[in-house]
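Scroll down for the structure; my scribbles are underneath it.
Predicted, not measured: the structure shown is a model, and the values here were computed from it. Naming convention: chains lettered A, B, ... in sequence-line order (proteins, then strands); numbering from 1 in each chain.
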Number of protein chains: 2
Amino acid sequence: MTLTTARYCYTNPRPAVSTDMVIFTIRDQRLTLLLVPRSNGGARGKWALPGGAVRQDEDPDDSARRLLREETGADVYLEQLYTFGRPGRDPREHAISVAYYALIPSTKLELKGEVDGTGVGWFAFDDLPALAFDHAEIVAFAQQRLAAKLDYSTIALQFMPEKFTLSELQGVYETILRAPLDKRNFRKRVLALDSIEETNEERRDGAHRPARLYRLKRPGQLEFTK
Amino acid sequence: MTLTTARYCYTNPRPAVSTDMVIFTIRDQRLTLLLVPRSNGGARGKWALPGGAVRQDEDPDDSARRLLREETGADVYLEQLYTFGRPGRDPREHAISVAYYALIPSTKLELKGEVDGTGVGWFAFDDLPALAFDHAEIVAFAQQRLAAKLDYSTIALQFMPEKFTLSELQGVYETILRAPLDKRNFRKRVLALDSIEETNEERRDGAHRPARLYRLKRPGQLEFTK
DNA sequence: GCAAAAGTGTTCCAGATACACCCATGT
DNA sequence: ACATGGGTGTATCTGGAACACTTTTGC
């Protein structure tokens, strides 16, 4: 912040405001999130959450939505998580971060991430590299919120592609909860939610009976179950 | 924001960051909150949530804690609610507000509010005056969070004075839930939480059997019940 | 003695859990 | 024919909901 380029002046000091985003997906039966390498600024060589400054007259929610599109090209479930503003969390200056988390089906990100050579990386939640700033705290916070919401909402459905099998859905629950579930009870419960419906397609992928495909009744809509 | 007094300059524009606080108490069997009159700035003549700018190198959490002490003199349960930053929510400039809510036992605020002549006012949640900015939205958000937390935490205990009767506690639940509860079931449930304990005092206050007084086992500590 | 709030247990119901076998397919 | 994951129903348990009378006090 050099004086020669400083142009926006205020009577009182102002912290910098940015958004940081935890973008979750399920890959290979693991909860996975997107990180970007820090090449400059503080924390060089570490990985960080994607993020950026909130622009003038921009709602932080819109800022997060924009960021999500830039990183993934997709327009998926997004929710504000918490606002972090401890002084010192960014060693350069007082920086307030409105953190968000997003859930994206792994099928929606095939293209991106391979194609653009920006060096982003997907990392399993339980095998993360060293993170910049307080991003480890933010990630932990996001995972807790996600796990809590499994219990009283249909948030897990946001990880599913357009069509999916019940076994795949059960796998997503098991991955997030880190616990096996009973197949019959799971099916009973998830069908009782009335949030998914049968298609008349099935998928055959191996030496066994084909699986019926299901779809969301109301895609993109989160529902509460308690 | 006149140029002559502007001293803090940045290369990019920055929104103003402040905290706003919903301070709840229970008064006369009603959910009640603290408002301050707007005498200047935008929204003159309306009432607003107490709030203030986040200072340089101040954690918004600390900013909220400071504000709470300034307004009530008390150091009680406080939780970050949500961050509101829609452009236009403050007509003067792009203002981002990290909103908090606090719960205070009505007994802790006897002195303040009467004594200081700053004209603050306590208003029943379901009989609020016109509020400035987007504060009605913030208040609604806080009430929803509070009601939700009743179901899976001991948050209601934060409204209780040091010693209280089970009927008083039941009244707090009924006030927030806006529904009568069964006395026997309520007592069974709340005692099963193991968060309160009998004192060997009782309170006599009328032509009826005295009520046993209870206290928190771990004051100030929120516990989860599911 | 009567009005008013405090205190106290049991039955019933619904939702969650535990559990094992047959089905359709590819090789 | 056999290996693999898909698909299905019932019995049990547990936590929540419904429900009425006795106790202690002040007047």
Side-chain angles (χ1 to χ4, degrees), chain A residues 26 28-29 147-148 150-154 156 160-161 163-175 177-215 223-226, chain B residues 26 28-29 147-154 156 160-161 163-215 223-226:
Chain A
I26 308 278
D28 306 327
Q29 302 273 86
L150 265 206
D151 269 357
Y152 63 90
S153 80
T154 58
M160 305 315 290
K163 293 172 185 171
F164 55 90
T165 70
L166 292 185
S167 293
E168 287 166 348
L169 181 56
Q170 182 174 342
V172 168
Y173 273 87
E174 290 175 331
T175 296
L177 295 173
R178 302 166 164 284
L181 298 174
D182 178 82
K183 182 164 43 162
R184 281 172 291 189
N185 293 336
F186 177 78
R187 288 172 184 233
K188 217 181 310 169
R189 191 158 54 82
V190 79
L191 291 173
L193 294 180
D194 194 43
S195 292
I196 66 174
E197 62 190 359
E198 286 191 352
T199 67
N200 42 27
E201 297 169 64
E202 30 188 47
R203 173 186 302 153
R204 53 210 168 291
D205 76 327
H208 54 82
R209 177 171 172 174
R212 161 130 289 132
L213 291 173
Y214 288 77
R215 74 166 81 90
E223 287 158 34
F224 297 91
T225 59
K226 280 186 181 164
Chain B
I26 308 278
D28 306 327
Q29 303 273 86
K149 282 217 162 182
L150 266 207
D151 270 356
Y152 64 90
S153 80
T154 58
M160 305 316 291
K163 292 172 186 171
F164 54 90
T165 70
L166 292 185
S167 293
E168 287 166 347
L169 181 57
Q170 184 175 339
V172 168
Y173 273 86
E174 289 176 333
T175 295
I176 302 171
L177 294 174
R178 302 167 166 284
L181 298 175
D182 177 81
K183 181 158 51 159
R184 281 171 292 188
N185 291 337
F186 178 78
R187 287 170 185 234
K188 216 182 310 169
R189 191 158 52 84
V190 79
L191 291 174
L193 295 179
D194 195 45
S195 292
I196 66 174
E197 61 190 359
E198 287 191 352
T199 67
N200 41 28
E201 298 169 64
E202 32 188 47
R203 173 186 303 155
R204 54 210 169 292
D205 77 327
H208 55 83
R209 177 170 173 175
R212 162 130 289 133
L213 291 173
Y214 288 77
R215 75 167 80 89
E223 288 159 33
F224 297 91
T225 60
K226 281 182 182 167

Starting from [atom2] on [N], measure out to [atom1] on [X] and report it in whole angstrom.
X        : N      : atom1 : atom2 : value
B/Phe164 : C/dA6  : CZ    : C1'   : 16 Å
B/Arg203 : C/dA5  : CZ    : P     : 15 Å
A/Arg187 : C/dC19 : CZ    : P     : 19 Å
A/Leu193 : C/dG15 : CG    : P     : 13 Å
B/Phe186 : C/dG7  : CZ    : P     : 12 Å
B/Leu169 : C/dG7  : CG    : P     : 12 Å

For the [atom1] atom on [X], are there more than 12 heavy atoms of other groups (residues, nucleotides or ligands in this structure) within a distance under 6.0 Å?
X        : atom1 : result
B/Glu198 : CD    : yes
B/Glu174 : CD    : yes
B/Arg204 : CZ    : no

Search all heavy atoms of [X] against all heavy atoms of [Y] and return the closest pair with its distance.
X        : Y        : answer
A/Ala211 : A/Thr165 : CB-CG2, 3.5 Å
A/Arg215 : A/Thr199 : NH2-CG2, 3.5 Å
A/Arg187 : A/Ser167 : NH2-OG, 3.4 Å
A/Leu166 : A/Phe186 : O-CE2, 3.8 Å
B/Lys183 : B/Gln170 : CA-OE1, 3.7 Å

- Closer to the 5' end of DNA chain C via nearest nucleotide, is it B/Ala207 or A/Glu202? B/Ala207
- Message: Taking the side chain as everything from C-beta on, heavy atoms only, tell me whether B/Val172 gets closer than 4.5 Å to B/Thr175.
- Response: no
- Message: Using a 4.0 Å heavy-atom cut-off to protein, can you give one letter per nucleotide of nucleotides 9-14 of chain C, 5' to 3': B if the base is in contact, S if only the sugar-phosphate is, - if neither?
- Response: BB----
- Message: Within the 4.0 Å heavy-atom criterion, would you say A/Ser167 contacts the bases, only the backbone, or no part of the nucleic acid?
- Response: sugar-phosphate
- Query: For B/Gly206 and B/Lys226, take the nucleotide of DNA chain D holding the closest heavy atom to each; which residue's nucleotide lies nearer the 5' end?
  - Reply: B/Lys226
- Bounds of contact between DNA chain D and chain B, in 5' to 3' order, using a heavy-atom cut-off under 4.0 Å: D/dA17 to D/dG26
